[in-house]
Structures are given as structure tokens and as C-alpha cells.
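Have a look at the structure below, then the notes.
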Amino acid sequence: MATPLSRTKEALASLLFPWRFMLISLTFLPSTLLTLLRTRDFHSLFSWPLLQAAWFGRFWSWAGPQVRLSAEELVVPLLEGRVVAGKVLPSTNLSSARVPGVGGTVLEIGPGSGNWVSIFSDRYLSPSSTSTESGTTPGTRAKVTRVYGVEPNPAQHPQLRAKIAEAGLGDVYEIVPVGIEDLASSGRVAPESVDCIVSVLCLCSIPEPRKNIAELYGYLKPGGRWFVYEHVKRPLDEGWVMSLYQGFVNLLWPHLIGGCDLRRDTAQWLKKAGPWSEVDLVHPENTPWYHTVPHTIGILTK
Ligand SMILES: C[S@@+](CC[C@H](N)C(=O)[O-])C[C@H]1O[C@@H](n2cnc3c(N)ncnc32)[C@H](O)[C@@H]1O
């Protein structure tokens, strides 16, 4: 049972978390610079976006697995269709599950170093799932037949490739090495051709988010599902102190964390991306007031 003292400690740790995270990120800068110098990659050394990508790639190879550890109790059930109104349903009682989990053809946005790739493997098929077709039973996952991982940062591709091989998805998972803003011109994915979009902690980093989120909507088939776990802006009406504090942290955060923006209204932009037949997108259950990086979680169905 949480005591007032333990709750105060937890709140303090949470408020200080962004500063700790940024400090750790900074420690990866010297080794990034040295590697670029050693490999004579002067092009990246003197271009801020390229240097930032190389730096973030190194940092995320450390941070990504930590983030997965803290988020997997939500993200794994989310991808199984077992998160409803921000709550995780037990796999033994799926009566209130509304849509099937991830399956069929999937577009994964910004997979980074491949933290979530293993979930697309058959090893993660729900024990209760009897379906072999894409997305038929609410709250259960079906076979993933194709994944397009849209990841523009080449610094993350070697690890991403390793995770794909580890998950046995070599014939299923294709890396599309562009930003989503260039996905249409890449010609790799046709409009209205994917069953599912998966975005985990990446819409904070894409350019022109409102426009590009709406464009991504166009890749979903009618009936397709968008699985979302993203961090979002703290609105003023949820408490001005935390909103102000988040704004203050965000003065520095994007420069040290690979261009990530803490102040995006991603949930609203997703809801307005196009007509949805069902929208379930909220803060996870029990999100405390002191989270500087609060999340939105859920599934939108076209
Ligand atoms: C915070 S990382 C998250 C990576 C991964 N989803 C995870 O949870 O570990 C954000 C990712 O978004 C990617 N990203 C940045 N700009 C992008 C763009 N324009 N299109 C697609 N992905 C992008 C970054 O390269 C990075 O891998």
C-alpha cells in the first residue's frame, strides 16, 4: 500500500525523470562524435539533422529496451486488442473487447531499433486465439502476414534488422528506409492496402504531424485499425502547473532527444484524421497528475 512518503518520492522521481533522461542522452554525444570522426563521416558531423539522427540512434539502443520494459504491460495487450478505455482486459475475460488485435498487413511507423518487432511474430499469438485469418476475434491477435517498417534513421537499421531476424520475421518484415512524409513517393505501400497501423512513441518525432497523420489514415483499408501508444501534450484544463512545467522541459527536450516534441496534440489530430467507425483513445488508467510525459493509448477503427 502506497504511503504519503512513497507517493511523494514517486512524484519527485517522475518530475525529475525528463532531466535524468536528457542527461543520459547527452552522455551518448561524445562517443557519437568520436565515431563520426573515426569513420570520417564529415557529412553527418557538420549537419545537425544527420548528427542528431546518429546520436539518437546510439541513445535509443540503450533507452529503447528500458522504455519497452516500462511500457510493455500496456503495449503488448494493446496490440492484442485487449486495451479498452485505457484499461487492460485479462486474456481470460474478453467479453468487453471491441476489436481484434493486430494482424494481416501492418504499417509500423518509426520502429526505431525494433523494440516491438517481436510482437508481430507468431510466438505472440494469444493462447486463446483460434483464428488464423487476419483480425477476426475481438481481443485476440491473428497472423501478421506482412509488415512495412517505415524508419528513416539509418543508424537504427542494423539493430532493427537483428530484431527482425531474431523474431524469425525475415520474410515478413520489410524496412522502408524513408520518413512517412516520403512514403507515397516511395511507391512501396498502396493507399487503402493495410489492415493495421502501429504507432508506438513515434508521432512525436515526425514532421508536419497533422498533415502526415491524415495522410497515413489513407493507407488503412476500410475496417482497418490504428493501434496507438504515444505521449501527448498536457492540456491547460488538466492543471496549468504541469502544463507549464511540460512546456518548460520542452524548451530543451527536442534538441537532446532526437527532435521529439512533448507538446503535441496527437490524440486530437488522430481523431480528426478522417471518418472513424470507432474511436477508443484515452489516457491509460490511473495516469497520475505528476507525469510530465503522459500518454494516450487505444485503437481507432476506420
Ligand atoms: C522515440 S523513437 C521510438 C522508436 C520505437 N517505436 C520504440 O518505441 O522503441 C521515435 C522513432 O520515430 C522515427 N521517426 C522520426 N521521424 C520519422 C518520420 N518522418 N517517419 C517515420 N519515423 C520517424 C525515429 O527515427 C525513431 O526511430
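Bear in mind the structure is a predicted one, so any value in this text is a computation, not a measurement. For ligands, and for the atoms within them, numbers begin at 1 and follow the listed sequence.
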- Message: Before we go on, tell me: are the rings of Phe59 and Phe21 under 6.0 Å apart, centre to centre?
- Response: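 Judged by ring-centre distance (under 6.0 Å), Phe59 and Phe21 do meet the cut-off.
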- Message: Centroid separation under 6.0 Å, is that true for the rings of Tyr217 and Trp226?
- Response: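 No, the ring centres sit 6.0 Å or more apart.
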- Mark the output for Pro111 as yes if a heavy-atom distance to ligand 1 is under 4.0 Å, and as no if none is.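 The answer is yes: ligand 1 sits under 4.0 Å from a heavy atom of Pro111.
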- Task: Report yes or no: does a heavy atom of Cys260 sit under 4.0 Å from some atom of ligand 1?
- Result: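 Cys260 does not count as a contact of ligand 1 under the 4.0 Å cut-off.
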Atom indices of ligand 1 within 4.0 angstrom of [X] heavy atoms, with elements:
{"X": "Leu201", "answer": "1 (C), 2 (S), 3 (C), 10 (C)"}
{"X": "Val150", "answer": "21 (C), 22 (N)"}
{"X": "Gly110", "answer": "4 (C), 5 (C), 6 (N), 11 (C), 12 (O), 13 (C), 22 (N)"}
{"X": "Trp116", "answer": "7 (C), 8 (O), 9 (O)"}
{"X": "Pro207", "answer": "19 (N)"}
{"X": "Gly179", "answer": "18 (C), 19 (N), 20 (N)"}
{"X": "Asn153", "answer": "25 (O)"}
{"X": "Glu181", "answer": "18 (C), 19 (N)"}

- In terms of side-chain heavy atoms, does Arg234 have a donor or acceptor partner in Thr292 at a distance below 3.5 Å?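 Judged by distance alone, the side chains do not pair up.
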- Thr3 and Ser6: side-chain donor and acceptor closer than 3.5 Å?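 Short answer, yes.
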- Would you mind telling me if ligand 1 is within reach of the side chain of Arg68, the backbone, both or neither, using heavy atoms under 4.0 Å?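 For Arg68, there is no contact with ligand 1 at all, from either part.
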Looking at [X] and [Y], would you say the former's side chain and the latter's main chain have a donor-acceptor pair under 3.5 Å?
{"X": "Arg210", "Y": "Lys272", "value": "no"}
{"X": "Gln246", "Y": "Val232", "value": "yes"}
{"X": "Arg225", "Y": "Leu300", "value": "no"}
{"X": "Tyr245", "Y": "Leu15", "value": "yes"}
{"X": "Arg161", "Y": "Ile175", "value": "no"}

Ignoring angles and geometry beyond distance, decide whether [X] reaches within less than 3.5 Å of ligand 1 through its nitrogen or oxygen atoms.
{"X": "Ile180", "answer": "yes"}
{"X": "Val178", "answer": "no"}
{"X": "Glu108", "answer": "no"}

Distance to 0.1 Å, residue and atom name: give those for the protein heavy atom nearest to [atom].
{"atom": "atom 15 (C) of ligand 1", "result": "Ser205 CB, 3.8 Å"}
{"atom": "atom 26 (C) of ligand 1", "result": "Gln156 NE2, 3.4 Å"}
{"atom": "atom 25 (O) of ligand 1", "result": "Glu151 OE2, 2.6 Å"}
{"atom": "atom 12 (O) of ligand 1", "result": "Cys202 CB, 3.6 Å"}

- Query: Relative to atom 22 (N) of ligand 1, which among Pro152, Gly112, Pro65 owns the nearest non-hydrogen atom?
  - Reply: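 Looking at heavy atoms only, the winner is Pro152.
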- Passing option when Asn93 is tested against Ser95, Ser96, Ser91 for side-chain contact (heavy atoms from CB on, under 4.5 Å):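 With Asn93 as partner, Ser95, Ser96, Ser91 yield a single side-chain contact (heavy atoms from CB on, under 4.5 Å), made by Ser95.
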- Query: Under the 6.0 Å and 45° cation-pi test, does Arg40 pair with Phe42?
  - Reply: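 No, a cation-pi geometry is absent between Arg40 and Phe42.
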- Nearest 0.5 Å please: distance from the CG atom of Asp171 over to the OG1 atom of Thr145.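 Asp171 CG to Thr145 OG1: 12.5 Å, rounded to 0.5 Å.
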